[in-house]
Colleague: 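Have a look at this one before I ask anything.
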Amino acid sequence: MTTAFVNATLVCPDGGKRQGNLLVEGDCIMRVGDFDAPVGAAIVDCRGRMLAPAIVDLGVFAIDKPACLAGGIVRVGLMPDQSPILDDPGIVQRAADMGKPELWVHPIAAATRALAGIDLAEMAINQEAGARAVATGRGWIADSGVMRRVLAYAADIGLTVVAHPEDAGLAAGAVATEGETATRLGLRAAPAIAESLAIARDLMLAGETGAALHFRQVTTAKGFDLIRAARARGVRVTCGISPGHLLLSDIAMNDFRTFAHLSPPLRSEDDRRAALAALADGTIDVLTSSHDPRGPEEKRLPFADSAPGMSGAETLLPLGLGMVHDGTITIERLFALLARNPARILGLDTGTLAAGQPADLILVDPNIGAQIVADRMVGRAGNTPFDGLPVQGRVKMVMKGGSILA
Amino acid sequence: MSASDHSPAAVLPGRVAFPHRHLTGIGGLQPHEITFLLDESEQWIEANRARAKNDRRLDGVTQINAFFENSTRTLLSFEIAGKRLGADVVNMGVGQSSVKKGETLIDTAVTLNAMRADVIVIRHGSSGAVQLIADKVDCPVLNAGDGSHEHPTQALLDALTIRRRRGSIAGQRVVICGDVLHSRVARSNMLALASLAAEVRVVGPSTLMPAAVEQMAVTRFTDFDAALDGADVVMMLRLQNERMSGAFIPSTREYHRRYGLTPERLALAKPDALVMHPGPMNRGVEITSSVADMPGRSAITEQVEMGVAVRMACLDVLTRRARGVEGWA
């Protein structure tokens, strides 16, 4: 099967933004640029809309196919915090097969058994079973000795360690960041340095062991500064963030809105601005949905009792496009954050529009107006803190491995 | 003119004086609305001192006191307040273990609603739980304390006590001492007293102080003696041992040495400074008995008395709309 996308605005993190055509043969991209569609090829006239690499969402907590496809996501890096926990090769392999063929799940296995932070998990065997990285899960490994061994061992076998940087001693029991909102609402809060403290330790250990370290979410000014400095001295560190922490500050928790109960908790406006700056200057490598659908059973509760997390897969691209529209980042940078960089961290040969890569593509109309409406989300739950927000941009078509899905 | 000098009852008629459906906190109330509730409370003080205390204005009104967290004093105060107004008062004591999480709280709200309660008084251990219930029921909801968030009637009764004893709230230097971090009483009092133009000082060890407390229009101290300088009112908070899961203070002995209100320490405040405590007290920890029982200075039992009057006023005001009171329907 040969498909030719013509009259497209090609958006590639490596090749930039340009007008052109793209040819798909079988499950691969065959050719990109200025050429005539071959005879017999199915023609998709893009009518000037954007053809971009499909999104690779690094660090989701649920396999939610409808939400992913609606959001232009065809591959997810699945966090190990599942039931059962991804710390066993059988479970890892099963997770890897769960979404195919429409959605490819790349398991991120537990770095320690049962995510307990005590004993190393069978990283190499899990890697053979399909694990693309190992993670500390939603929690922090408090024991520095264990974390050092996790990093050293993962480095030996070429796996990136995905870490959750939040000092557990400071963050224990907290549901908010210390500040005026938490004080007024009487919510148990942790200081923002719970994050930078954890980052500082893990960066030192990564530097010493030579491991590749990825912080799934970095959300504070001090955290970004530490990462910039570590990179400058050669530490192999990357980091991500979700739109929630870029677009919302802790004020969003007012009225005890549990949809704004996230992990890490929403930060101050100063930290939010620092995150936008870090996005623009290249400090942040990955934009992730942190997709964590939670139904009313977990969200219609008093704030402290509710589960953290937001449903983000459907809104990831429109919110990212909003940052393009307002000039924070370029469109090429957006797709580096959404596709190329997460693919590299997971060791996947995808995420750009290069010939020979899997034909994982999305056709996007960046200008269609829409509104995020929690009740109308197609995913497993509509727990979005962006309910009611007008956005611009929509996925018109999703192709995974040469097959048009939506 | 200071905020507490308003006389809104005379200026603002009916619902304009207090347009809120619920009383979930002091946050969100305008100074004149707080003053309105204090003015309304005044009438019940004398009524409660009379031999015949019954008023039948809440005849036929069902008041449910749903206490998801143990409380004797506040529950009793609300029960007496409702009964003196003629309401049918039902107490629903729900053990913390049996109903705490999940849909159960919403289910309880829906159940209470289906039973056609006319006013629901709620105490809950989680901040925001009262708001959650208020969003789900058709009748007024009164917050009797939610987690570390707010305890509005306590702040109103404290403000009423201060206003009666000191003549005014505006300009009074009020020192709130103790476990501010975990205290809903402190939060509501900071909001109410600052809103009514008092000078509020909070004092306690940094381990028991919320991070951004200065942004609530109060001044923060760690030295009790320094904070007491020129104080008109010294409000002590209970050391809430049950809320402390970690090492917040080295020992109660050391706490008493630094933050216990003793006669010597009280001498640093104004000679006629008022001593207050929301109770129950840990005698010998945050306050010594000689200060707690000091005639003329301690307003602690008066606070309890004001509590009933304030709760009567709140129950009356919040049910006026449903009762079809002129100007409120």
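Each chain gets a letter, A, B and so on, in the order its sequence line appears, and its residues count up from 1. Treat the numbers as computed from the prediction; the structure is a model and nothing was measured. Every heavy atom of this structure was used, including side-chain atoms; hydrogens, water molecules and symmetry mates were not.
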Colleague: What part of B:Leu191 is in contact with chain A, defined as an atom under 4.5 angstrom from a non-hydrogen atom: side chain, backbone, both or neither?
Modeller: side chain

Colleague: What do you reckon, are the aromatic ring centroids of A:Phe259 and A:His261 less than 6.0 Å apart?
Modeller: no

Colleague: Salt-bridged, B:Asp135 to A:Arg300, with N to O below 4.0 Å?
Modeller: no

Colleague: Most heavy-atom pairs under 4.5 angstrom with chain A, which of B:Glu214, B:Lys136, B:Glu150, B:Met190?
Modeller: B:Lys136

Colleague: Is the ring centre of B:Phe67 less than 6.0 Å from the ring centre of B:His124?
Modeller: no

Colleague: Any donor-acceptor pair under 3.5 Å linking the side-chain atoms of A:Glu195 with those of A:Thr219?
Modeller: yes

Colleague: Is B:Gln131 in contact with chain A via its backbone, its side chain, both, or neither, using a 4.5 Å heavy-atom distance?
Modeller: side chain

